[in-house]
Structures are given as structure tokens and as C-alpha cells.
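Take a look at the structure below.
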Amino acid sequence: MRGILSVVHPRWNDPRASARGRAEFGGFPEEEERRLAVRVRFAPSPTGFLHVGGARTALFNWLYARRAGGVFLLRVEDTDRARSRPEHTRAILEGLAWLGLDVDEGPVFQADGVERHRRDALHLLDQGAAYRCFCSAGELAARREEAKRAGAGYGYDGRCGRLDPAVSRARADAGEPFALRVRVPEAAIEWEDMIHGPMSFPAGSIDDFIVLRSDGTPVYNLAVVSDDAEAGITHVIRGDDHLSNTPKQILLYRALGRPLPAFGHVPLILGPDGKRLSKRHGALSVLAYRDDGYLPAGMVNFLALLGWSPGDDREVFDVGGLIGAFSIGRVLKKSAVFDLEKLGWLNGRHIADAPAADLAAAVVEILGRWAREEGRDPAGSHPGLQTSPERLARIIDLVKGRPRTLPALARQVAPFFAVSVRYDEDAVKRFWKRPEETAFHLRRLAERLAGEAVFRDVETLESEVRGLAAELEVGAGRIINPLRVALMGQGVSPGIFEVLEAMGRERVLARLGAAVRFLEARVATA
RNA sequence: GCCCCCAUCGUCCAACGGCUAGGACACCACUCUUUCAAGGUGGAGAUAGGGGUUCGAUUCCCCUUGGGGGUACCA
């Protein structure tokens, strides 16, 4: 598993970025020095896929690193042996890779550091910052239960901390099991959060907490601090849910004599019901969005705008633009609701902005998949799709302004290559209401268009269609809308004259013929 | 129970303590008499409540309410 993602990507190197970064880095005095060697990390546990909340945390870290020309490190927190799975690690790496969040160092695995964690815990004991606690888990649970019944909250009372050191040692030497607990000083703990500003936990609000279990395994808070210190992390940017871990970790940094990083706690992402995002809310994994046909650029743009804004009205950003505009100081304190509609809109903008060449492969893949799902030959059902890339590019450029997802794009491209189209039910109902009349119109149009040797000039095609409408004394829409259904099989398309031109004479005439036959069959059975 | 965090349109974001609280998504209407899932124009829509401080609070302070996180020999 080690080295799954050892690829080192070229560092982002915009000189402008670091020059502007100086002024916009959040405004804390020590910021100036720190930015010289920014090292941030994303530290997911491999207990599930990369969900959108984690992805955004990763993105903010990554943007911060790229903006500062720093290092983005990935650490997999796999110390929960029961729930950690290698395939989850894989999925997380895949998710990051899809989003384009290239990792500079790692992945490193937290489990590899247990010896160091243990050493650090013992060091704490030596320094007197921690003490042996002989209370068993069962006793603790019983006391907690009792306190709860009495209507009070329970915090560890520190009784083992008051043991005579000699007694403590003697009991340990006698083989009595113990955990290691940190002696929390009677003082408020404060720090300047990059996002929340001044933070303060009053003295007495934190109990003596365990750093090393009686089985010798380290507890999370210690492992994190040990790992972050070891890796030289300068800025810890993580979810809001870690806010109340921070004072404990600050204590550990101090006790261990390691330099304190800056902390920034980004708010959580909520579901549409205002509750913390969960499986009930549908797709959680970023890879599910990939599979639904969202672009990484769209997803990244959307995620970045969840809890952050550049401070002006800009909304559509490419990745480089985000790097240039990002500042941790502008990240909001309040949690944001995931809005699928806006993701769709943004993704549509990115599809419209994408070069056709970048979209082509996805279109080919999707149309091929659809063909296979229907038991057809992928190559045979869309001739030319793969063999004429210039034509495909031209078609994509023609249609890419409307769709919001890749499948929607493929659906617009399909009629230009398909041997035949299937008629969308709603479109038929709406635009082919009068089969007899429509069949007649389309037949007349086919005759007229057959007179054009080649479909080259959009204006000529337009005047043919409008000419027919005038001749038949009907509004142009009476011809155009049914024509759209005949050609596209759907009620949506680019401007119809562009469609005629792009589709070409032969295919247009064939499709008109098919539509006429379809409509006449309807008339006959009606 | 205790500790911490948070609070501007339905949603995402703006607003040195100072113009009629602005933009985007979604919604509605109109428009492009060529569709809409595209574009354009317009509309409706918010400072949670109550106290202060101030000439003046979205902005600063306090309380209430609501939401979230923590309070583990989970991460």
C-alpha cells in the first residue's frame, strides 16, 4: 500500500501569488514567518470513502499550500484497526487524484508511528506532565454512570494524579495495569484560530485525559500531535469538529516541547435539512459525483465556494484562479448547506468553458457504455464518433453550452452520430401533436432541403426553412420545433440551423424520412 | 449537566460602525415570436428575538432562542 501515490507534481509557481499572499494571509503577526515554509496536511481515517466534507477540508489545505508555495502532506490515520480498510485508503487517494489535489508528501500512515507515540507518552510521564492511572475502564464507566444518575456531568477527578510517586511506581512494578493520563494545568488555554479568531477554554473545563491506553496503544490526540510535530506541520487546517480537541493538543505540544502550529478550523458541511451531511442525503463520496458526470473543476469550484468567497462577485473559477484568490482568513465560521442545484449550474459553466478535446473522451465513453447496456455495438451505433475527432470536437463545441453534466452533454452529441434517434416521449407529446400535418410539413421540408447539394451555409438553410413556413402560411416555429424532434429526438438543441448544418445533408434527409414514416404510422393507427 | 463554536433572502456568498442591505443558485414573469436544460430583462425574497453602547448598529457587548461539536482506555 505504501507509495500508492508517490507522484510528485510540479509545484505551483506563480510569483504573483506569493507577493499578494503576503498581504492577505490572515493578518496574524506570526504569519509572516510561517509562510516561509508552509507545511499542511490532510489526515483522513480510512474508514470510508472521501466524502464531500473531507474533500473540502483537503481542498482548503491544498489551496493554502499551493498559494504559499508550501507542502501538502497526506497522512492516513489508520490507528482504528477495527474500522480501517486498505480499500478505503485507495478510495481516498482516488478521490484526491480525481479532484486534482496532488500530494507532495505521503501518504504516511499513522500506525507506522506507534513506537514514537509511545515514546512521547513515556516522555510525558518522565517529565511529570502525565501520570499513571490505575482506574480500570469498568470503574470509570461506573462512576460516569453514577454521576449521570445524579444529574451531573462526569469528569475524571484526578485521583491517580494525587498518588504518591513512589506508590505509583510500586504498583506499576507489581504488574498492575495502568494508562497514562495528562495532568491538565489549572489555567485557561487560548489560541488565535486562523478562522475563528481568538479562542479560549477556561481553566477547569478540561479533565486529565488519557494519552496511552493500558494496553500500551496511543490515543488519538497524542498520535496527532506526535505526527504533526514530527512532520513539521506549520498549519493545522481541519474540521470544526476538532475545535474542542485543540486545547488538549496544545497542552501536548507544550509538554513535548514542540513548536505550536497555527490552527484553523473550517466549518462543517450540512445536508439540505440543516443536519450534518450523512448517507441520507444521497451521494457523499466525491467519486459518486465523478460517476454522475461532474467535472473535477466544477466540483472543486463548488467546494471552494462552500464557506469561502473571494470577497467580490466572482463565482466561476478555474483551479489556478482559486489558488490565486484563496485566503484562509476569508473562510467563514458558519457551516454551509450542500446545494446540488448550484453544483449543477457551476458544472454547466465548466462544461461550457472546457475545450472540446477535454470533453471528447468522456462523451465517447458514455455513449459506448449506453450502447453496450442496450446490447448494441458501441462502434456501430455511433459511426465516426471515434474516427473523426475533429467532427466530434465541432459538435461538442456546438452543444456544450447547455448541459450541466457529462451524460447530458453526451445526450446532445449522440444524435449527430447515431444511426437513428429514438424520440423522447415528452418531446413527441409536445411538438408532434398533429402527426398528419407535421408529417406533411416535414415531407415538404425534406423535398426542399434535398435541393441543396451540400449543407454548408447556415443562412441558406435558414431561408429554406423560413421560406417553407411562408409558403405554407404557418409560423416558423410550427416547422422548427417538430424538425428539432425529428433530428434530435428531443426537445432541446442548439439553434436549429446550426444543427442542420452540423448534422449534414445525408443524415438530415434520412432522419426526416424516418420521422415522416413514424408520424404516418401514427396517423394510420390512430 | 458542563465546556466550546455558530446565526444576513429557501440555499451559497457580499456589505472600514454610515447611501433604498448587494451578487449568485433556485423560483416567478417577460423576452429571444427557434426549443431549453442556454442567453437577456424584470420580480418576489433576509439581518432569529430582546436588551444595551453609539448621533447612527448586519457590524461592538449582554441575555434568550435555535443549530452544531465536545465532554471515551473512538478517530
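The structure presented is a predicted model; accordingly, all values stated were derived computationally and were not measured.
- The existence of a salt bridge linking A:Asp240 and A:Lys333 is excluded, since no basic side-chain nitrogen approaches an acidic carboxylate oxygen closer than 4.0 Å.
- Checked for salt-bridge contact, A:Glu464 and A:Arg466 miss the test: no charged N lies under 4.0 Å from a carboxylate O.
- The base of B:U71 does not come close enough to the side chain of A:Arg144 for any donor and acceptor atom to sit less than 3.5 Å apart.
- When the nucleotides B:C36, B:G23, B:A75 are ranked by their closest atom to the side chain of A:Arg83, B:A75 comes out on top.
- To the nearest whole angstrom, the two C1' atoms, one in B:G23 and one in B:C60, are 27 Å apart.
- Nucleotide B:C9 holds its P atom 14 Å from the CG atom of A:Asp339, rounded to whole Å.
- Here, B:A24 and B:G42 have their P atoms 10 Å apart, quoted to the whole Å.
- Side-chain N/O atoms of A:Ser214 and base N/O atoms of B:C73 include a donor-acceptor pair closer than 3.5 Å.
- A salt bridge is absent between A:Arg349 and A:Glu315: the closest approach of a Lys/Arg side-chain nitrogen to an acidic carboxylate oxygen does not fall below 4.0 angstrom.
- Listed pair A:Arg330 / B:A14 meets the phosphate criterion, a side-chain N or O lying under 4.0 Å from OP1 or OP2.
- The nucleotide B:A24 finds its pairing partner in B:U11, both defining distances of the Watson-Crick or G-U wobble pair being shorter than 3.5 Å.
- Look at CZ on A:Arg484: it is 9 Å from P on B:C36, rounded to the nearest Å.
- Spacing between atom CG of A:Leu270 and atom C1' of B:C12 amounts to 13 Å, rounded to whole angstrom units.
- Nucleotides B:G10 and B:G45, compared at atom C1', are 9 Å apart to the nearest Å.
- Taking 4.5 Å as the limit, some side-chain heavy atom of A:Val508 sits within range of a side-chain heavy atom of A:Leu449.
- The phosphate of B:C6 has OP1 or OP2 within less than 4.0 Å of a side-chain N or O from A:Lys333.
- For B:G45, there is no paired base (Watson-Crick or G-U wobble, both distances below 3.5 Å).
- Under the Watson-Crick or G-U wobble criterion, with both distances below 3.5 Å, B:U71 is paired with B:G1.
- The environment of A:Glu425 atom CD is sparse: at most 12 non-hydrogen atoms of other residues, nucleotides or ligands sit within 6.0 angstrom.
- A straight line from CG of A:Leu243 to P of B:C6 spans 8 Å, rounded to a whole angstrom.
- Judged by distance alone, with hydrogens and angles left aside, A:Asn245 brings a side-chain donor or acceptor within reach of the base of B:A75, the pair sitting under 3.5 Å.
- Residue side chain A:Arg430 does not reach the base of B:U35 through any donor-acceptor N/O pair under 3.5 Å, judged by distance alone.
- Checking the phosphate oxygens (OP1, OP2) of B:A38, a side-chain nitrogen or oxygen of A:Arg404 falls inside 4.0 Å.
- In this structure, A:Asp207 places its CG atom 16 Å from P of B:G70, rounding to the nearest Å.
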